[in-house]
Amino acid sequence: MLELREVSHEYGRKTALNTISLSASGGVVALVGVNGAGKSTLMSIAGGALRPAHGSVLVDGDDLYRRGSRRHALPRLSIMPQRFSFSPRLRTHEFVNYLAYLKGMSWRAAFVSAHEALELVGLADRKNSRLGSLSGGMLRRVALAQAIASNPQILILDEPTTGLDPAQRAGVRRLVKTVSADRLVVLSSHVMEDVEAVADRVVILHEGSFVFDGDLTELKARAPQADSPTAAEDSFLSLIESAVEGIR
Ligand SMILES: Nc1ncnc2c1ncn2[C@@H]1O[C@H](COP(=O)(O)OP(=O)(O)OP(=O)(O)O)[C@@H](O)[C@H]1O
């Protein structure tokens with residue numbers, strides 16, 4: 001169970017998140033928003049990578065940002081960040097293996113798990129390649145593999161399909177569906193097509209606040225034409241427009 005309690009965050013004087021509360025325990029929760037809505041900030045905070053200025057994040061009741069409980073909470077989740085730094089000389093398997101080990105797995109278990117994760121993301125044939133030789137799309141899949149490898153109960157995926165070709169995107173969507181069968185996946189996206197393919201619940205974020213939280217049927221029902229093939233997208237756009245009008 002992941003719980004965000006009244007989370008707010010600012011960068012200097014810029015408010016990125018404004019009193020966000022969310023709890024989820026399973027399935028795929030898709031966080032949708034336009035550029036700058038606050039998705040990455042929220043994903044980083046939920047994934048243990050950014051301490052929020054206000055509020056708290058609980059994993060099965062353990063506070064992710066409190067000394068004492070962080071070490072219990074952290075191994076139960078993994079984040080696939082939008083960008084990650086790495087040594088270009090490390091080999092793909094070595095990197096995934098090492099990160100799974102850092103998450104608390106034994107070296108042997110991490111070794112096996114890294115192989116399985118690379119297989120799942122379609123990179124088994126590049127397991128001995130140096131990271132510096134991989135394409136951008138391959139690196140995105142390495143980022144996904146390292147998130148999956150430690151077998152966490154909660155997976156936080158920040159724009160997992162960005163930079164992938166259509167076949168790889170379809171592969172990642174299938175993978176997200178498969179891994180969400182027995183865990184919680186929270187992913188961010190601004191591609192409604194991806195969201196429709198995988199999400200059990202959609203949360204729309206705009207200028208740091210939630211403007212919608214419900215399932216796809218509820219989202220489509222808000223569109224001018226609920227049976228239109230573009231109903232989810234139309235509804236998203238009209239929710240954003242009304243939020244903008246509300247701010248004016
Ligand atoms: N390190 C930072 N310093 C200053 N402002 C930041 C920083 N990171 C994000 N912001 C600002 O906070 C707001 C939210 O940014 P965030 O990256 O969370 O949005 P996003 O929804 O993930 O956007 P995108 O879809 O473009 O990745 C934006 O206005 C952004 O300019």
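Heavy atoms only: backbone and side chains are in, while hydrogens, waters and symmetry mates are out. Keep in mind that this is a model prediction, so the values were computed, not measured. Whatever order the structure lists ligands and atoms in, that order sets their numbers, starting from 1. Residue numbers count from 1 along this sequence.
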Can you tell me which residue and heavy atom of the protein come closest to atom 6 (C) of ligand 1, and the distance to 0.1 Å? Tyr11 CD1, 3.3 Å

Please answer whether the main-chain N or O of Leu134 pairs with a side-chain N or O of Arg126 as donor and acceptor at a distance below 3.5 Å. no

Could you list which atoms of ligand 1 come closer than 4.0 Å to a heavy atom of Val34? 21 (O)

Under the 3.5 angstrom rule, does the side chain of Arg141 hit a backbone N or O of Val121 as a donor-acceptor pair? yes

Below 4.0 Å from ligand 1: does a non-hydrogen atom of Glu159 turn up there or not? yes

Which ligand 1 atoms, with their elements, are less than 4.0 angstrom from a heavy-atom of Ala37? 19 (O), 20 (P), 21 (O)

Gln146 side-chain N/O to Ile79 backbone N/O, donor-acceptor pair under 3.5 Å: yes

Numbered in order shown, the ligand 1 atoms found under 4.0 Å of a heavy atom of Lys14 are 29 (O)

So, for atom 30 (C) of ligand 1, does the protein have a heavy atom nearer than 4.0 Å? no

Can you find a pair of side-chain heavy atoms, one from Glu119 and one from Lys127, that are under 4.5 Å apart? no

Can any side-chain N or O of Tyr101 pair as donor or acceptor with the backbone N or O of Ala109 at less than 3.5 Å? no

So, Ser188 side chain and Glu159 main chain: donor-acceptor pair closer than 3.5 Å or not? yes

Polar side-chain atom of Ser21 near backbone of Glu6 as donor-acceptor pair, under 3.5 Å: yes

Just to check, does Gly33 reach to within less than 4.0 Å of ligand 1 when the distance is taken from its heavy atoms? no

I'd like to check which ligand 1 atoms, numbered from 1 as shown, lie under 4.0 Å from a non-hydrogen atom of Gly38. 14 (C), 16 (P), 18 (O), 19 (O), 20 (P), 21 (O)

Can you pull out the closest protein heavy atom to atom 18 (O) of ligand 1? Residue, atom name and distance to 0.1 Å, please. Thr41 OG1, 2.6 Å

What protein heavy atom sits nearest atom 26 (O) of ligand 1, and how far away is it? Asn35 ND2, 3.1 Å

For a quick check under 3.5 Å, do Asp158 and Ser40 share a side-chain donor-acceptor pair by atom type? yes

Can you tell me which residue and heavy atom of the protein come closest to atom 25 (O) of ligand 1, and the distance to 0.1 Å? Lys39 NZ, 2.8 Å

Output for pair (Glu207 CD, Leu17 CG), nearest 0.5 Å, gives 12.0 Å

By number and element, which atoms of ligand 1 are closer than 4.0 Å to a non-hydrogen atom of Gln82? 27 (O)

Relative to the heavy atoms of Ala16, which atoms of ligand 1 are at a distance of less than 4.0 Å? 12 (O)

Are the side chain of Lys220 and the backbone of Asp215 linked by a donor-acceptor contact shorter than 3.5 Å? no

Just going by heavy-atom distances, which of Ser40, Gly208, Gly36, Gly12 is nearest to atom 22 (O) of ligand 1? Ser40

So, for atom 12 (O) of ligand 1, does the protein have a heavy atom nearer than 4.0 Å? yes

